[in-house]
2 protein chains.
Amino acid sequence: MLCGVSARPQPPESLPGGTADDAFRSDCLARVVLDHVTSRWGVLVLTGLAAGPLRFHELRTKIEGISEKMLSQTLRTLVRDGLVERTVEPSSPPRVSYSLTPLGEGLTRPLQQLFVWIRDHAQLVSAAQDRHDTRSDGQSD
Amino acid sequence: MLCGVSARPQPPESLPGGTADDAFRSDCLARVVLDHVTSRWGVLVLTGLAAGPLRFHELRTKIEGISEKMLSQTLRTLVRDGLVERTVEPSSPPRVSYSLTPLGEGLTRPLQQLFVWIRDHAQLVSAAQDRHDTRSDGQSD
DNA sequence: ATAGGAGCTTACTTTTAGTAAGAAGCGATA
DNA sequence: TATCGCTTCTTACTAAAAGTAAGCTCCTAT
């Protein structure tokens with residue numbers, strides 16, 4: 001469960017594609033975190049909260065297609081991971097809102113870059129799919 | 001299927017957390033791409049290839065825990081998406097190697113930043129989990 | 001010929017996600 | 001006060017995705 005996990009924050013010199021490989025080992029903390037973050041809805045929830053706190057149903061509305069069950073489940077995981085904070089306002093009907101913790105905010109920087117890349121290149125990917133499908137005929141997505 | 005997808009590459013001015021929301025709509029190309037990229041093994045495969053081309057079994061070894069079926073399946077999806085290229089060397093036993101396309105290489109930049117963040121903060125997340133579990137007692141991962 | 005490795009694919013099982021319904025707590029309405 | 005509706009979830013039940021294990025084809029080495 002511990003792998004090469006050390007307490008030192010490690011300077012980011014190993015960016016160029018050589019190291020940062022912790023997540024490749026299946027018994028590493030990094031892999032667990034990666035799994036949570038890139039879980040089906042994790043990325044969307046984290047990025048959805050990047051612009052500010054939202055209540056349960058606001059999030060559910062923002063993230064089209066998520067079920068209440070999965071939203072609830074994903075939020076619980078992220079709260080446990082210390083990435084998201086659950087706040088209950090003690091108002092008459094108690095309102096529950098979710099926001100990023102400082103830790104979670106740090107995470108959204110790479111995630112938002114991913115979103116930007118995807119937004120800017122989605123059509124290229126789609127075009128590649130079309131080319132592939134016409135070339136080798138047959139299957140769709 | 002088309003959503004707000006336009007052919008323009010859109011300047012990245014909308015980074016600060018406001019826009020880049022395409023992926024939030026379930027019928028958008030961006031959502032499909034996000035699903036493929038952040039699929040259970042997609043991130044690992046893409047990042048695994050960031051350092052250079054690898055053959056099937058090399059990848060399988062590098063990405064601990066992936067089954068041959070899922071590696072094969074994930075690779076097929078990414079090849080179709082134009083992010084990964086499959087090359088068959090016409091040598092005596094034909095060797096199949098996989099590499100990132102230029103498109104795929106662009107993607108690995110945000111992904112590697114994600115990996116670096118996770119590597120550097122995995123212990124913090126783990127600590128948060130421990131705090132959470134001792135506070136509210138009970139459940140594990 | 002026989003064995004063994006590479007690169008997959010196919011059947012079958014387990015895990016995970018989706019659907020739909022409902023419970024608990026409150027407020028307003030009739 | 002009784003019913004309705006809103007919010008935040010939870011709980012069965014079903015469908016889809018991933019895991020497991022075996023096998024298949026093509027090749028080479030023994």
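We name chains A, B, ... by the order of the sequence lines, and we start the count at 1 in each one.
Under the side chain to side chain donor-acceptor pair (under 3.5 Å) criterion, S26(A) pairs with E64(B), not counting sequence neighbours. Partners of R40(A) under the side chain to side chain contact (heavy atoms under 4.5 Å, CB included) rule, at least two apart in sequence or in another chain, are D35(B). Qualifying side chain to side chain contact (heavy atoms under 4.5 Å, CB included) partners for L54(B), counting only residues two or more places apart in sequence or in other chains: L49(B), E58(B), L59(B), K62(B). Not counting sequence neighbours, the partners of L103(B) by the side chain to side chain contact (heavy atoms under 4.5 Å, CB included) test are W117(A), H121(A), L124(A), V125(A), L83(B), T101(B). In this view, T61(A) satisfies the side chain to side chain contact (heavy atoms under 4.5 Å, CB included) rule with no residue, not counting sequence neighbours. In this view, R60(B) and E68(B) satisfy the salt bridge (Lys or Arg N to Asp or Glu O under 4.0 Å) rule, not counting sequence neighbours.
dT8(D) atom C1' lies 11 Å from atom CG of L75(A), rounded to whole Å. Atom CD1 in I63(A) sits roughly 15 Å away from atom C1' in dA17(C) (whole-Å rounding). In this entry the distance linking CG of D35(A) with C1' of dT16(C) reads 13 Å, nearest Å. The distance from atom CH2 of W41(A) to atom P of dT16(C) is 17 Å, rounded to the nearest whole Å. In this structure, L71(A) atom CG and dT16(C) atom P are separated by 19 Å, rounded to whole Å. Here the C1' atom of nucleotide dT8(D) and the OH atom of Y98(A) are 7 Å apart, to the nearest Å. Between the P atom of dG7(C) and the CG atom of L59(B) lies a distance of 10 Å, rounded to the nearest Å.
Within the structure, a side-chain polar atom (N or O) of S72(B) is placed less than 4.0 Å from OP1 or OP2 of dT9(C). Distances shown here put every side-chain N or O of R60(A) at or beyond 4.0 Å from the OP1 or OP2 atom of dT7(D).
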Which pairs, protein N/O on one side and nucleotides 3-6 of chain C N/O on the other, fall under 3.5 Å?
residue	atom	partner	partner atom	Å
dA6(C)	O3'	R55(B)	NH2	3.1

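F56(A) has its side chain out of reach of V96(A): every pair of non-hydrogen atoms, C-beta onward, lies at least 4.5 Å apart.
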Footprint string (nucleotides 11-17 of chain D, 5' to 3'): B base within contact, S backbone only, - free, heavy atoms under 4.0 Å: -B-----
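Put simply, the residue from L111(A), L114(A), L34(A), V37(A) that forms a side chain to side chain contact (heavy atoms under 4.5 Å, CB included) with T38(B) is L114(A).
Here the OG atom belonging to S67(A) is positioned 8.0 Å from the CG atom belonging to L71(A), to the nearest 0.5 angstrom.
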